[in-house]
Asks: 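Dropping a structure here in structure tokens format, bear with me for questions.
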Amino acid sequence: MDTATTYKTKVTAAFNGAAATYDRLGVEFFTPMGRRLVQRADPRPGQHVLDVGCGLGATLLPAATQIGPSGHALGIDIAEAMIDQAGREAERQGIGNVELRVMDGEHPDLPARSFDLVLGSYSVIFLPDARAALARYADLLRDGGRIAFTSPVFSRDTFPFLPPLFSRWIPMSLLQHLPPAWHPEQLHRQLHSWLEDPADLEAALDRAGFTAVDIADESVEMTAASGEAWVDWSHTQGMRLLWQHLPADEAAALRARLIAELDALREQDGPIRIDVPVRYVTATLAR
Ligand SMILES: C[S@@+](CC[C@H](N)C(=O)[O-])C[C@H]1O[C@@H](n2cnc3c(N)ncnc32)[C@H](O)[C@@H]1O
């Protein structure tokens with residue numbers, strides 16, 4: 001198996017394992033981010049929308065609602081369990097104009113020029129060669145179509161995917177337990193470097209055939225019912241990578257520390273609120 005395939009197999013297994021509890025453990029993050037992405041992308045009634053790496057539908061479902069019954073929203077995800085759960089969630093919310101398919105979002109097998117908008121919230125960051133995928137998304141769009149996606153605002157001194165606040169609580173020495181391929185520097189070099197500097201991001205979109213690039217960093221208010229809820233939730237997210245590789249005693253010590261630090265942020269018995277910087281990117285097809 002080549003490196004990209006091995007990596008995708010691990011990502012798929014991780015999200016299949018997380019699907020049952022993904023974003024449902026007393027923490028709100030992906031849902032407000034997805035809603036905001038749809039607000040920024042502003043799809044019109046009747047449009048055809050593709051959501052790459054749709055997960056449980058945090059972006060897909062509000063987009064489907066906005067385009068209405070004359071529109072069509074297709075969600076694709078590499079993890080079958082995510083697609084199953086998304087289908088249940090669409091049914092639960094009574095949203096009928098949604099189609100869900102298990103598919104590798106890096107190589108979407110879909111007809112050219114069949115969408116008005118391609119969305120991807122916290123998903124393009126998982127693609128081994130996302131810049132090449134952008135050109136494929138351009139091919140899927142009709143003239144004047146648009147792309148809109150989110151990513152973390154990466155910084156070099158924290159574990160990827162975590163709010164900067166956490167660098168105070170997670171000793172960098174713990175990262176030595178990660179296999180080399182999951183080390184933040186390696187992830188950065190292989191997957192995220194093009195997203196960090198807005199000039200690189202704009203250049204990547206330009207090369208893929210997009211123009212009018214808009215990059216806006218905004219905070220999403222992540223809320224967690226308690227420190228324990230946040231730590232349990234973190235096992236279903238990017239931080240799962242770290243938990244999986246920590247020796248039991250180090251994992252227990254980190255869990256206790258994070259719970260104590262997070263609970264100290266609670267206002268009386270209210271939830272914990274943490275502002276997490278998120279990058280929203282939108283662009284229009286040049287043709
Ligand atoms: C952090 S989750 C975000 C899910 C959703 N967009 C949201 O905002 O809640 C990332 C999603 O990307 C999916 N994913 C990762 N690699 C993928 C790939 N190559 N093709 C399609 N989906 C992928 C994962 O299975 C997971 O559901």
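Indexing begins at 1, ligand by ligand and atom by atom, following the structure's order. FYI, side chains are in, hydrogens and waters are out, and symmetry mates aren't considered; it's all heavy atoms of this structure.
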Asks: Please find out if less than 6.0 Å separates the ring center of W230 from that of F29.
Replies: no

Asks: Tell me whether the count of non-hydrogen atoms from other residues, nucleotides or ligands lying under 6.0 Å of CD in E80 goes above 12.
Replies: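 Open.
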
Asks: Report all N/O contacts between ligand 1 and the protein shorter than 3.5 Å as a table of atom names and distances to 0.1 Å; if there are none, say 'none'.
Replies:
unit_1	atom_1	unit_2	atom_2	d
ligand 1	6 (N)	G53	O	2.8
ligand 1	6 (N)	S121	O	2.9
ligand 1	9 (O)	Y22	OH	3.0
ligand 1	19 (N)	D104	OD1	3.0
ligand 1	20 (N)	G105	N	2.7
ligand 1	22 (N)	I78	N	3.2
ligand 1	25 (O)	D77	OD1	2.6
ligand 1	27 (O)	D77	OD1	3.4
ligand 1	27 (O)	D77	OD2	2.7

Asks: Would you say the ring centers of H192 and F154 fall short of 6.0 Å from each other?
Replies: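 Yes, they do, as the ring centres are separated by less than 6.0 Å.
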
Asks: Would you please say whether a donor-acceptor pair under 3.5 Å links the side chains of T150 and S121?
Replies: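 Per modelled atom types, T150 and S121 side chains form a pair under 3.5 Å.
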
Asks: Is a donor from one side chain sitting under 3.5 angstrom from an acceptor on the other, for E89 and Q85?
Replies: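 Distance-only check fails for E89 and Q85.
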
Asks: Assess, by modelled atom type and distance only, whether the side chains of H188 and E196 contain a donor and an acceptor separated by less than 3.5 Å.
Replies: yes

